[in-house]
Structure formats: C-alpha cells, structure tokens
K.L.:
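Pasting in a structure now, in structure tokens, and then I'll have a few things to ask.
Quick note on labels: first sequence line is chain A, next is B, and so on, each numbered from 1. These numbers come from the heavy atoms of this one structure, side chains and all, not from hydrogens, waters or symmetry mates.
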Number of protein chains: 2
Amino acid sequence: MRQCESKLKLLRTAHELISQQSYGSVGVDQICEQSGVKKGSFYHFFRSKSELTVAAYEYHWASLQETLDRIFSAEKAPLDRLGDYFNHVRQTQTDRSQRYGRLLGCPFVSLGCELSTQDESIRLMAQKISEGKRTYLENTIREAIERGDISAADPRALADELHTYIVGLVQEAKIANDIRVLDRLKSGAYRLLGLHIAPAAV
Amino acid sequence: MRQCESKLKLLRTAHELISQQSYGSVGVDQICEQSGVKKGSFYHFFRSKSELTVAAYEYHWASLQETLDRIFSAEKAPLDRLGDYFNHVRQTQTDRSQRYGRLLGCPFVSLGCELSTQDESIRLMAQKISEGKRTYLENTIREAIERGDISAADPRALADELHTYIVGLVQEAKIANDIRVLDRLKSGAYRLLGLHIAPAAV
DNA sequence: AAAGTACTTAACCGATCGGTCAAGATCAAG
DNA sequence: CTTGATCTTGACCGATCGGTTAAGTACTTT
C-alpha cells in the first residue's frame, strides 16, 4: 500500500464505522483492521483516536460541502435550493438506512452529542460544521426575503429556527429508527418559513 | 449498606455519570466505586451495564414525570403551562451547567443518540420517553386550541413541531456549550405556535 | 432455632482498550 | 550509490473493559 493511501483509508473507515456505531464502541484496532492498515501506521499519521476522528469528520465535511455548494447554487431560485436541500437530507438518511439497516442520523450531531462534554476539539469541530450548515440556510433565506419569496424581518433568526428544526427532526428519526419521521421535514419547514402552501416542484 | 439502598444508589450514580459523560466512557467499575457498591452486588441486581442504564434512566424519567405533572397541571391556563415548561427546560440546563461546568443537554436524547443504532432496548426507552414528553405538549396545545388561545388545525402536528424544535435547540446548546442558545427557546416556540407576541408573564 | 432467601465481598477471568517501540522497507534527492 | 525522510510491520505494554464465581453475611419466614 503506497504513500498517503493508508491515511485516506483510515479517514474514510473511521468516519464510516463511528457514524454507523459510536465513538466509544469503535476501537482503534477495528478501524485498522477494516482499513487494512497496521496500528503502527495509524500512530504514524495520527497522534490519537480523537485526532483521527476530527480529521475524518472534517474530511467528510469537505466533501459534503461540495454537495451543498451544488444544492445551494446561486443559479437556482432560493426556494428551489431549500426544497432540494430537504430532499437531500431525506435521501441521505434513506440511503444509509438501507445500506446499514439502521437510520443513523447526522454523523456530526451524533458525534458532537456523544463527546461534546468530554473532548473539546471534537466539540469545536461539531460546532463549526453546525454553523457551516446554518450559513447555507441563512444566505438562501436572506435572498428569498430580498426577492419577496418569504416575508420575514430577520433572516438570521429564521435560519436558526429552521436549522434547529432540522437537527431536531433528524435526531428524532434516529431514535425512532423510522424514516417516516422525516415526512414532517417539508411540512414543518415550510410552515416555519411562513409558506403555508408548499412550492410547486415538490 | 442495607437492603435495596445499593440498588437505588447504583441507579442514581449511573444516570449521573452517564448523562455527565457518555455511556461508552463510563465503566461499570466507575459506577460501582462512586456508588460504594461492589461489583458482585452490581451483577446481583442487574444482568448487564445496558440493563442498569435502562433502569437508571427510567427511574429518572419517573421522577421527571412528577415535575412535569406539576408544570402541566390542568389547573393552569394552557399557555402558562407551556411558558413554565420553557422556563423549566432552560433552568434545568442552567443548573446542571453550573454544577458540572458543562452544558449536558437532554440525557435521554444524548443516550438515545449514542446508542440507538447499537442497543435496541435503550433505543426503545429513549423513544418511549420522547413520546411521553411530546404528549404533554400535545394535550396542552389541544386545550389551548379549544380555548381559542392558539389557532391551529392539528394539535398533534403542532406538538410534533414544537417538540422537535425543543429537542434540536437543546442539542445545539450542548454542542455550543452555551446556555445563551436557549435564549431562542421562547421566541422560536411562540412563533411556531403562531403567537407572535409572547404571553405576559414571561 | 432452623432453613431459605437476599445481599455482600473480594478475588478472578479472558478480551480488549489506546498507545508505544524498534527494526525494516520504500522512495526521492544529492 | 548513499543518505535521510517517510511509511510499514508485528510484537509488546499496562490498564481497563464487562462479567463471573464462590464463599460469607444478614435478614425473613416458619
């Protein structure tokens, strides 16, 4: 196995295993075995399990951002971006639910929830990514307000509320292990946005 | 140490340690030591760490229900109950935040988030308690609608949305480790309920 | 008082935990 | 061809993991 291929494999495997199970229940040995990388190599690249985890989740966040940049493309109408995002959230959970047989929820929220009180660097990462997601919503909502698609005074406050709602709903879906919980995503979101009739192409 | 005092001590200690840290990072030895109970006694009362955890959290839920029964007392006006509940959520997080130096979030959601994909009995408990909390909201909102305090068609749907919002907000507060996130509790909740001016006694 | 049950105690188990180490392999630059 | 840096390998570490066992103590019931 050459150069930094081992490092990438570790990043991908760590994110997959931990988001599928939990930080506490996944061991370094397990990550190494599934990566086909020996433990010594692990500790050549990363100083600790915690450091690998942060790197793995930031790696995943970087690729997720590419997807979000497409979904929130400035070329689309703001309400279309939001609709596409709601679809994306549901689709992601559906896909992983089928692959792993369990509804996994949001990996960043799950990790943050488990370790925020114990590992400050993981808490900061989860916080940063949460803020990043929220910003996509805020920019879109601001533009929607400017265009007159949404009538609201404070785009920031509205984005906060919407993001909070989505986080809560995905969390509930995980605990219920039921994708149907996400049926409430669009109805609740559009009500929050003051759009009592859902946009056309839903 | 006499009779079932050991068992109660284990239940209380387990809930405290696990909600303060996480399931994965708290060991049976640690629970035993802090309880002043020997490991053999532990496994006399409980068959596994998982079983103790379920019992501990249901024990805590039982006492929380007494508090909620008071907050959601039928003698109060529905909107007062909701206001008191919002205060209670914030106050609980503030108290624990001061005691432990960390904002801990909702113990049931945190545990459910960590273990829903791995331990079905813990998932079911978290789901049941989430449903229990939601029901308090639903009954109150239904009564508020009947009285004309809130205008909405579907009390169930509205309670779902409110509960989801609260779960999401407490989660975000935990990840931000900042009690000020809960400043958005009332504003967001009242907007969700269609009450654009917050009730008097806030 | 005897017997049976509930509970406590301390020693013990194999497995796994996160992490270390030193020797070797590979590779690019001089 | 040599050097030095990067990466790999497998053996190894003490600590802790969840859980077991068997003997002993305390309390209840009859």
K.L.:
For every nucleotide of nucleotides 10-25 of chain C, 5' to 3': is a protein heavy atom under 4.0 Å from its base (B), only from its sugar-phosphate (S), or from neither (-)?
P.N.:
B------SBBBB----
K.L.:
A:E33 has an atom CD; how far is it from atom C1' of D:dT8, in whole Å?
P.N.:
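Roughly 17 Å, once rounded to whole Å.
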K.L.:
If you draw a 6.0 Å radius around CD in A:E33, do more than 12 non-hydrogen atoms from other residues or ligands fall strictly inside?
P.N.:
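At most 12 heavy atoms, drawn from other residues, nucleotides or ligands, come within 6.0 Å of this atom.
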K.L.:
Return each pair, listed once, that meets side-chain hydrogen bond (donor to acceptor under 3.5 Å, both in side chains) where at least one residue sits in residues 102-115 of chain A; pairs must be two or more places apart or across chains.
P.N.:
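Listed by first then second residue: A:R102-B:E120, A:S110-A:K174.
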K.L.:
Centres of the B:F72 and B:Y85 rings: under 6.0 Å?
P.N.:
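Distance test on ring centres: under 6.0 Å, yes.
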K.L.:
In this structure, how many angstroms lie between the P atom of D:dC7 and the CZ atom of A:F46, rounded?
P.N.:
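In whole Å, D:dC7 P and A:F46 CZ are 11 Å from each other.
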K.L.:
Nearest-Å distance, NE2 (A:H44) to C1' (C:dT26)?
P.N.:
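From A:H44 NE2 to C:dT26 C1': 12 Å.
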K.L.:
With distance as the sole test, does B:S73 use its side chain to make a donor-acceptor pair with the main-chain N or O of B:E75 at under 3.5 Å?
P.N.:
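Yes.
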K.L.:
Nearest whole Å is fine: how far is D:dG19 C1' from B:F45 CZ?
P.N.:
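Atom CZ in B:F45 sits about 17 Å away from atom C1' in D:dG19.
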K.L.:
Quick one: which residue pairs count as a salt bridge (charged side-chain N to carboxylate O under 4.0 Å, His left out) with a foot in residues 37-48 of chain A, not counting sequence neighbours?
P.N.:
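Non-adjacent pairs meeting salt bridge (charged side-chain N to carboxylate O under 4.0 Å, His left out): A:D29-A:K39, A:R47-A:E51.
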K.L.:
Taking OP1 and OP2 of C:dT8, is either one under 4.0 Å from a side-chain nitrogen or oxygen of B:S6?
P.N.:
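Looking at the OP1 and OP2 atoms of C:dT8, one of them is under 4.0 Å from a side-chain N or O of B:S6.
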K.L.:
What integer distance in Å separates B:L10:CG from C:dT8:C1'?
P.N.:
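Interatomic distance, CG of B:L10 to C1' of C:dT8: 12 Å.
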K.L.:
Flag the pair A:R134 and A:E131 as a salt bridge only when some basic side-chain nitrogen lies within less than 4.0 angstrom of an acidic carboxylate oxygen.
P.N.:
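A:E131 and A:R134: salt-bridged.
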